[in-house]
Amino acid sequence: MSTQSFNPPVRTLMGPGPSDVHPRILGALSRPTIGHLDPEFIRLMDEVKELLQYAFQTENALTMPVSAPGSAGMETCFVNLVEPGDKVIVCQNGVFGGRMKENVVRSGGVAVMVEDTWGEAIDANKLEKALKANPGARIVAMVQAETSTGVQSDVAALVKLAHAHDCLTIVDTVTSLGGTPVKVDEWGIDAVYSGSQKCLSCTPGLAPVSFNERALEKIRKRKTPVQSWFLDLNLVMGYWGSGAKRAYHHTAPINALYSLHEALLLLKEEGLENAWARHQRNHLTLKAGLEALGLDFIVKEEDRLPQLNAVSIPAGVDDAAVRGRLLSEYNLEIGAGLGALAGKVWRIGLMGHSSRAENILLCVGALESVLGDLGADINRGVALPAMQRTLD
Ligand SMILES: Cc1ncc(COP(=O)(O)O)c(C=O)c1O
């Protein structure tokens, strides 16, 4: 049989990302490709930067998307800010803090780990202790929204603490941007990165980043060149910087940037506060349904991310069998547990365009049918009215 065009099935994406891509964004992606130095494309780049400043709530001039996924946004922050020998305090309460540690070490830095139990928020007292014990530390890194567990940490307070000890901050907002408040200037975050495929509902593969003056000053004073050519901000800014004169650095993913532009425009049209409120409202509906079924959240209520809901898999239930049936019978994707939580939890995402009432009703209804059919000990017939009460 000859190979044919690939036509993916139409799924409902309720895992940890990617989320459903809005039709307007898919439409933007298919527009004609133009050159990466075409004046019209430069105009689009300038608008993308402005729209990202809105999404991040910042006036940082160095605000742009890296042409690669969220992990490259993370790497951009670390390779530019960490110099060989720099001591970096990494707060870890899930998978992605571990990836930050790798970045510190590979940039020649020394990682001091501050560990919290998975599923719990970063403990400011532990960070303060580490800062006092390591007066030479230069940077504190943290994940605002830990996608592996569905917990959010108080970035504003943690950044304040880091600054009091003269440290710069790197904050991962891959899962938070567009879903819950990220206030880069108000909170004083020095370097921040995100991803296009979560609450921005864009196609995967772009990583918005933003750096303030304090961060840029550290980069300008580097004694050693940035070890990555591609991610070296001094070079990237020749293309993404301001002014009419832009030099070739790499061929930008033109169409992907059309889609990010459209995604950010949708966010601006909705309004950040309204987007945050929608994510919270829909979380409450999902919560009502899941709890009515008898499923338990692993994160305590006040630290829960509305866009990433992690619940324990009921005893005796085959994780893969349930997710497989949701996919094959309902075209519905939910997420498995990662790392230490593999096989123990499901991660149900309500991110961006996926955060809609119709998706929640589908997800809880499908879970009820499949779990009931497998003989799991759940409550039947009560989830729909529980959810409806939140929608009235
Ligand atoms: C908190 C967090 N950081 C970093 C990443 C890495 O992003 P990407 O998979 O786009 O490289 C993810 C992806 O899920 C994430 O959730």
Side-chain angles (χ1 to χ4, degrees), residues 13-21 52 55-56 64-79 90-104 106 116 118-122 141-155 158 169-182 189 191-210 228 230-231 253 256-257 259-260 263 279 299 303-310 333-342 345-352 354-355:
L13 300 179
M14 296 183 70
S19 57
D20 286 343
V21 178
L52 276 179
F56 275 128
M64 55 155 222
V66 175
S67 303
S71 303
M74 180 189 287
E75 201 142 337
T76 300
C77 292
F78 284 93
V79 294
V90 178
C91 303
Q92 180 174 13
N93 59 344
V95 166
F96 293 99
R99 200 174 285 190
M100 285 177 150
K101 177 187 178 186
E102 274 294 313
N103 271 273
V104 172
R106 287 172 191 231
D116 282 293
W118 287 33
E120 289 181 13
I122 297 167
M142 68 196 76
V143 178
Q144 182 185 14
E146 238 314 336
T147 327
S148 57
T149 63
V151 79
Q152 58 181 323
S153 293
D154 184 353
V155 165
L158 297 168
T169 48
I170 297 177
V171 180
D172 178 318
T173 64
V174 171
T175 285
S176 40
L177 190 67
T180 36
V182 176
I189 300 171
V192 63
Y193 63 89
S194 190
S196 51
Q197 77 277 26
K198 309 250 181 181
C199 296
L200 298 181
S201 297
C202 187
T203 46
L206 290 170
V209 295
S210 184
S228 162
F230 185 65
L231 300 176
L257 287 164
S259 72
L260 181 62
H279 281 86
V299 173
D303 294 334
R304 263 176 225 163
L305 281 169
Q307 62 272 50
L308 199 283
N309 299 268
E333 178 181 284
I334 64 166
L338 267 189
L341 295 175
V345 303
W346 287 316
R347 292 178 302 148
I348 303 175
L350 281 177
M351 299 179 182
S354 290
S355 181

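Atoms within a ligand are numbered from 1 in the order they appear, just like the ligands themselves. Index from 1, following the sequence. Since the model is a prediction, treat every value here as computed from it, not as a measurement.
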Of all the heavy-atom pairs spanning [X] and [Y], show the shortest one and how long it is.
| X | Y | result |
| --- | --- | --- |
| Ser354 | Leu13 | OG-O, 2.7 Å |
| Cys199 | Gly178 | CB-C, 3.7 Å |
| Ala55 | Leu177 | O-CD1, 3.4 Å |
| Ile189 | Val192 | CG2-CB, 3.9 Å |
| Gln152 | Ala121 | O-CB, 3.6 Å |

query: Quick one: which ligand 1 atoms are inside 4.0 Å of a heavy atom on Thr175?
result: 16 (O)

Gly70: numbered ligand 1 atoms lying under 4.0 Å from its heavy atoms: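 Listed by number with element, the hits are 7 (O), 8 (P), 10 (O), 11 (O).
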
Which protein non-hydrogen atom lies closest to [atom], naming both residue and atom, and how far is it?
| atom | answer |
| --- | --- |
| atom 9 (O) of ligand 1 | Gln197 NE2, 3.9 Å |
| atom 5 (C) of ligand 1 | Phe96 CE2, 3.4 Å |
| atom 3 (N) of ligand 1 | Asp172 OD2, 2.6 Å |
| atom 13 (C) of ligand 1 | Lys198 NZ, 3.4 Å |
| atom 11 (O) of ligand 1 | Ser71 OG, 2.5 Å |

task: May I ask you to decide if Leu231's main-chain N or O and Ser228's side chain share a donor-acceptor pair within less than 3.5 Å?
output: yes

- request: Evaluate the side-chain proximity of Leu206 to Pro69: yes if any heavy-atom separation is below 4.5 Å, no if none is.
  value: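 Side chain of Pro69 against side chain of Leu206, heavy atoms only: no contact under 4.5 Å found.
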
message: Thr147 versus ligand 1: do any nitrogen or oxygen atoms come within less than 3.5 Å of each other?
response: yes

- prompt: Would you say Arg99 touches ligand 1, if touching means a heavy atom closer than 4.0 Å?
  reply: yes

query: Does Ala145 have a heavy atom less than 4.0 Å from any atom of ligand 1?
result: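 Contact present.
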
